[in-house]
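Before any comments, here is the structure.
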Amino acid sequence: MKAKRILALLFAVLMAVCCLTACGETTKPATTDPATDGTQAATQGGELAFVPWSDEDIADMGAAIKEEAAGNKITLKVWQPEAAQDVFKAQVAKFQEIFKDYAEIEIEVAIQGEGDAGAAVISDPNTAADVFGFASDQIMKLAKPGAISEITFKPEVTSMNSAESVAAATFDGKLVAYPEVGDNSYFLCYDKTVVTDEQAKSLEAIFEACVASNKRFIMDAGNSYFACTFPFTGGLATDGLEADGETQKFNDYDIDQVTAAVKAFADLFKKYSANFESNTTSAVVDGFKNGTTAAGVIGSWDVASAKAALGDNAGFAVLPTIEINGTATQMKNMFGYKFIGVNSQSKALYTANALAYYLTNEECQMERAQKLEWGPSNINVANSDYVAGNASMSAILKQAESSVPQTVIVGTFWTPMDALGKYVADPKNAFETAEVKAEVEKCINNILDL
Amino acid sequence: MIKSYKLRRGLANTFIYIILAVLGLIWIFPLVWMILHSFRIDPTGTSFPAANVDHLFPYWNEMGFDNYIELFTETKFMLWFKNTFIIAVVCCIISTLSVLVVAYAFSRLRFKARKPLINVGMIMGMFPGFMTMIALYYILKMMGLDQTMLGLILCYSAGSGLGYLVMKGYLDTIPHALDEAATIDGANQFQVFWKIILPMAKPMVIYQILTSFIGPWCDFILVKLIMVDNEAGYTVARGLWMWTEQEYKAQGYYRFFLAGAVVVSIPITALFLYMQKYYVEGVTAGGVKG
Amino acid sequence: MKYIDYIQLNPLQRFWYKFKEAIKNLPATLKAFFCAIGNAIKKFVLGIGAGIKDFAVGFAQGDAITKLSYLFMGLGNVTRGQVIKGLIFFAFEVAYIAFMVFFGGNYLRLFFILEGQYHYESVPGRGGAVSQKLVWDAYSNQILIYGILAILATVVFIAVYVASTKSARKCEQLVKAGKKPESFISEIKEFLDSKFHITLLSVPVILICVFVLLPLIFMILMAFTNYSDKDYFSFQWVGMQNFAEIFSGSSVGGASMGYTFGNIVLWTLIWAVAATFSNYILGMVVALMINKKGIKLKKLWRTLFVMTIAVPQFVTLLLVAQMIGSSQDSPLNLFISMFTGQPSQFDVLTQQYDGWIARAAVIIINIWIGIPYTILMTTGILMNIPEDLYESARIDGAGPVKSFTAITLPYMLFVTTPHLITTFIGNVNNFNVIYLLTGGGPNTNNYKYGAGKTDLLITLLYKLSVDQQKYGLGAAIGILVFIVCATLSLITFNMTKSAKDEEAFS
């Protein structure tokens with residue numbers, strides 16, 4: 001994993017050098033125009049600051065779109081969450097502008113949360129959006145019945161986005177979605193006036209700071225997405241699917257170690273139960289607002305509101321360490337992505353693919369990073385000055401190093417994790433080792449649907 | 001002796017007053033909390049208020065009309081309210097008519113298929129509805145009515161004829177001698193229905209109107225399935241429900257949920273209290289006769 | 001027990017006696033029910049047999065025009081003076097044929113295979129290449145629903161067809177006998193008089209058939225398919241597999257569906273009993289308190305309680321869930337910490353691993369929801385209890401508790417049995433309270449499919465179908481829920497029928 005990261009970094013540096021020396025003429029189709037970079041694009045406001053594709057590419061794609069339109073108007077629908085509507089409407093308008101000479105394209109942007117976009121698409125693909133944003137855990141749900149199929153611009157997307165995000169968007173050997181966000185995950189956010197940067201490195205120290213200030217540490221422990229941190233810290237990890245194509249595959253984990261990790265969390269939460277609260281990430285932000293919360297685990301989607309609540313005192317860091325059997329162990333989380341999928345039943349499949357490709361290119365990702373705090377999957381944006389200077393984004397990209405990437409997740413994964421999390425978060429349980437082990441085993445067996 | 005009896009009764013009454021007051025408080029507390037918090041704003045104006053605060057009721061300086069103003073100007077609430085109102089009115093016309101007609105036929109007319117139809121209707125009303133929602137969607141889609149208000153109205157009111165039981169029970173109690181007398185006077189079946197039975201059944205009809213009017217204000221599941229992403233076609237219940245979802249709650253939509261809930265509750269509560277007499281008559285008739 | 005013994009029982013004993021009898025009679029009732037169904041089927045089959053005979057005889061004996069109108073519906077009517085009626089028949093035939101040719105026929109054929117239908121199309125690919133796109137012509141669920149529609153349409157058509165042949169034959173006979181067939185106007189007039197029930201019922205029945213019956217058949221058939229998230233667009237008939245899974249007991253270390261189902265059924269019943277009777281009795285007590293002589297402001301008290309009915313239920317439930325939520329800042333915890341001085345994290349609903357606290361909580365909150373209904377419903381009846389009954393009880397030295405259990409409760413149970421049972425069934429299917437308060441949680445890994453400790457059958461159904469898209473399994477459970485409810489209703493029906501024969505309470 002680390003090697004991949006370094007490779008990616010090297011590649012990015014190479015690109016950057018390319019940019020600086022302005023060595024023009026890229027031979028590869030559809031790489032970004034080297035003359036401008038995203039930061040400038042965004043600062044120049046409304047007008048079309050830079051063209052993401054060379055004129056040749058646009059002409060090529062335009063010809064295909066023209067062919068697909070066959071003289072008619074192309075209508076597309078985009079699904080994105082409520083908070084991102086304005087940004088996407090502007091970006092879609094730019095796409096229309098680029099291809100206005102080739103075909104009349106009408107694009108509607110409608111509201112649909114990323115969490116249940118997958119269910120909405122498969123329940124009726126013909127009414128669903130042509131291009132939709134969704135969270136990476138729905139890859140299997142969408143790709144298995146063929147609601148999304150192999151994307152058109154595979155080589156370009158593969159080279160532009162981080163290897164992990166591309167791997168996560170791959171199902172059954174096919175790249176089936178366009179990586180849109182490279183950090184759909186969670187990490188530590190703390191009030192710098194209460195918790196010092198040093199204390200934020202270990203969970204025990206955070207709790208001590210909470211006790212000292214009579215404030216809370218909040219984590220959504222009863223929610224599967226966060227609860228999988230507990231077994232993951234003990235070395236459990238998902239590893240795609242078994243040969244039958246339906247069952248979740250796990251790595252070669254040590255059940256005792258996993259049990260020890262889960263028990264460590266449970267014991268710690270129990271010990272500090274007066275200062276620990278299992279609640280949603282928006283409760284963490286609310287707590288910052290009221291001044292009742294010292295630190296909490298928040299998602300990348302809460303960053304904007306957390307910054308609004310804490311101002312300059314907002315501290316962002318990777319998840320802390322926790323002491324398991326005397327050794328401080330780094331907490332590992334589930335590292336997810338957000339993708340843009342193209343409905344395989346779209347009336348204008350090529351144009352929809354082109355739109356998805358456009359919406360996930362460097363320019364658009366940079367704009368969203370700046371306006372929505374959505375972390376990029378695009379390598380260039382990830383290595384830009386903007387992201388490096390953004391505390392939350394760099395924290396989360398660092399978190400990626402100690403995490404389990406969310407590749408293929410089966411439908412049965414979440415609810416057993418949910419139950420395990422609720423078990424851990426309830427201080428009334430005794431947490432005997434044997435009992436914890438039984439819970440962990442039951443959880444894993446239920447995921448495997450035994 | 002008399003004095004002590006009076007005293008005892010006085011004591012008992014005081015005791016009852018205390019209990020009623022406490023219970024009344026418990027019952028009304030969530031509503032008061034909802035109303036007060038719907039006015040809560042962030043006095044500093046920097047960010048939207050949290051779903052909860054560390055004090056039970058908002059302070060004076062935290063109250064304002066901002067939530068309501070924004071609710072009407074910046075959200076789709078007015079549109080949803082209008083949709084729901086239209087749907088509710090049409091539904092209550094269709095539902096009341098079908099219930100009346102079916103109950104009248106079963107209660108007053110004698111025909112061969114009467115008994116089997118009564119039984120089949122009773123049994124059909126007992127299947128749980130969730131599983132049939134997909135089918136409803138595809139039926140509407142076939143008719144080109146998916147994502148439309150008419151489709152939603154049909155879903156709400158088409159099956160209402162099955163709720164004939166209470167109404168039929170009520171009509172059964174109206175003496176047959178009345179319609180016989182009318183028939184002798186030369187009235188046909190329709191006139192008997194319109195001039196004799198309908199006025200007599202007024203309380204039940206009003207009960208029916210009331211319940212079928214309130215129905216669409218409360219459903220939050222079917223709307224999403226029929227409307228998919230057509231937010232302009234949502235009803236208030238679906239919209240308010242949406243605002244309590246994590247994604248919206250995180251953006252401070254909870255205040256709109258509260259304000260919207262108050263706005264929805266006012267007309268319904270007023271209607272309900274005004275029509276309470278008929279409602280009571282309806283539930284009592286239903287409860288006693290089955 | 002003889003009638004003379006029966007009338008000597010006190011009302012509570014009468015109630016129990018009736019209840020016991022109803023249970024005792026249940027097998028007989030069920031047997032009678034199924035016998036009735038059997039007889040109905042027998043009658044139906046015989047009827048069809050007679051109909052076919054009629055049909056054939058009509059054809060054999062009819063003249064050329066009548067014979068032709070077996071092919072062209074309404075011909076016999078048109079040629080013999082019933083022009084409009086004949087045209088309506090003919091239009092119906094044309095409409096049916098058009099429907100089957102352009103829409104229904106194909107789905108009817110696919111109905112038996114059920115697999116989704118698709119073809120490939122060429123679309124522009126990257127850099128001028130051509131790529132293949134899989135286009136679905138029909139998804140399995142579409143095939144299922146439209147297939148049912150085609151079958152229903154065919155059934156209706158056959159009925160109309162038979163009616164049309166009969167009508168043609170009748171016209172022929174009338175003309176032969178030298179009479180004139182009935183005019184269209186006079187036939188229409190019949191619909192306002194002797195056939196008034198058809199006029200009244202036709203529209204509601206059509207609506208119910210399309211929007212209730214058709215989806216219902218769809219649901220029932222779904223239970224015999226493997227319609228689930230794994231085979232969403234294309235599924236097959238699988239027979240009884242889903243029912244087998246519900247009762248599958250053993251499993252390799254994970255939770256089993258049989259265990260989950262058993263426990264959820266048990267909790268559903270506990271919940272329904274607890275929720276029904278707690279609301280019923282406590283509501284009555286409050287109603288009595290409000291109605292007690294000497295208590296002033298009766299209207300105010302009643303309004304206080306009734307207010308909660310008027311506010312849409314999902315709003316009040318979401319509010320309550322927020323108020324007793326797990327956060328330290330939730331109103332309940334703030335309230336507790338006002339007394340203790342400590343931050344409280346009392347958490348009753350979702351995060352609590354031990355299910356019984358959440359279970360108790362939903363029952364208590366349901367009391368908050370339900371009492372106002374009981375108050376509304378019982379106030380009038382309570383006033384009807386003869387005052388002298390209480391008077392004589394008081395003279396006998398009975399306190400308020402005694403007179404409640406000895407007079408009020410038996411009287412009310414006696415009078416409002418139907419209400420109790422409909423409430424009971426309503427509680428078995430009480431989706432809102434559970435779903436909005438706990439969402440079925442707290443979840444446990446002892447249960448399968450994410451079921452939780454407060455899940456009722458109906459919320460499990462929702463989880464399986466809407467959340468997890470396991471429609472086949474969900475439909476199977478739905479059918480079982482239906483059977484439970486239908487059985488309960490049978491008991492009700494039995495009891496109320498016997499209640500009808502009773503003299504009023506004395």
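Naming: A, B, ... by sequence-line order, numbering from 1 per chain.
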Handout entry: Residue among A/Asp418, A/Ile122, A/Leu349 with most heavy-atom pairs under 4.5 Å to chain C
Key = A/Ile122

Problem - Main-chain N/O of C/Asn445 paired with A/Glu439 side-chain donor or acceptor, under 3.5 Å - result: no

Problem - For C/Tyr232 against A/Pro145, the heavy-atom pair lying closest together - result: CB-CB, 4.4 Å

Handout entry: Choice from A/Pro125, A/Gly146, A/Ala354 maximising heavy atom contacts with chain C below 4.5 Å
Key = A/Pro125

Practice task
Against chain C, label A/Ser273 side chain, backbone, both or neither, depending on which of its atoms sit under 4.5 Å from a heavy atom there.
Solution key: backbone

Problem - Segment of C/Tyr447 engaging chain A (4.5 angstrom heavy-atom cut-off) - result: backbone

Exercise for the section: Could you have a look at A/Lys144, A/Arg216, A/Glu246, A/Glu67 and say which one has the most heavy-atom pairs with chain C under 4.5 angstrom? Expected result: A/Arg216

Practice task
Using a cut-off of 6.0 Å, state whether more than 12 heavy atoms not belonging to A/Lys347 lie near its atom NZ.
Solution key: no

Problem - Gap separating the OH atom of A/Tyr423 from the OG1 atom of C/Thr444, nearest 0.5 angstrom - result: 11.0 Å

Problem - Portion of A/Ser149 that has a non-hydrogen atom of chain C nearer than 4.5 angstrom - result: neither

Exercise for the section: Measure distances from A/Ala63 to the heavy atoms of chain C and classify the residue's part below 4.5 Å as side chain, backbone, both or neither. Expected result: neither

Handout entry: NZ/A/Lys66: more than 12 non-hydrogen atoms of other groups inside 6.0 Å
Key = no

Problem - C/Phe243, CZ atom: more than 12 neighbouring heavy atoms under 6.0 Å - result: yes

Practice task
Any chance you could measure A/Asn279, atom CG, to C/Ser330, atom OG, to the nearest 0.5 Å?
Solution key: 9.0 Å

Problem - C/Phe431 atom CZ: more than 12 heavy-atom contacts under 6.0 Å - result: yes

Exercise for the section: Against chain C, work out which of A/Ser344, A/Ala283, A/Ala348, A/Gly411 has the most heavy-atom pairs shorter than 4.5 Å and name it. Expected result: A/Ser344

Handout entry: Pair C/Gln469, A/Lys141: side-chain N/O donor-acceptor within cut-off below 3.5 Å
Key = yes

Handout entry: Which atoms of C/Val123 approach chain A - backbone, side chain, both or neither, heavy atom under 4.5 Å
Key = side chain

Practice task
Measure A/Glu150 against the heavy atoms of chain C and call it side chain, backbone, both or neither at under 4.5 Å.
Solution key: neither

Handout entry: Reported CG-to-CG distance for the pair A/Leu420 and C/Asn443, which is rounded to 0.5 angstrom
Key = 11.5 Å

Practice task
List the atom of C/Gln468, the atom of A/Thr415, and the distance in Å for their closest heavy-atom pair.
Solution key: NE2-CG2, 4.2 Å

Exercise for the section: With rounding to the nearest 0.5 Å, note down the distance linking CG in A/Asp124 to OH in C/Tyr139. Expected result: 6.5 Å

Exercise for the section: Answer with yes or no whether the side chains of A/Asn446 and C/Lys448 bring together a donor and an acceptor at under 3.5 Å. Expected result: no

Exercise for the section: Indicate the atoms forming the closest heavy-atom contact of A/Ala64 with C/Pro124, along with that distance. Expected result: O-CG, 3.8 Å

Exercise for the section: Below 4.5 Å from any heavy atom of chain C, which atoms of A/Thr280 appear? Answer side chain, backbone, both or neither. Expected result: neither

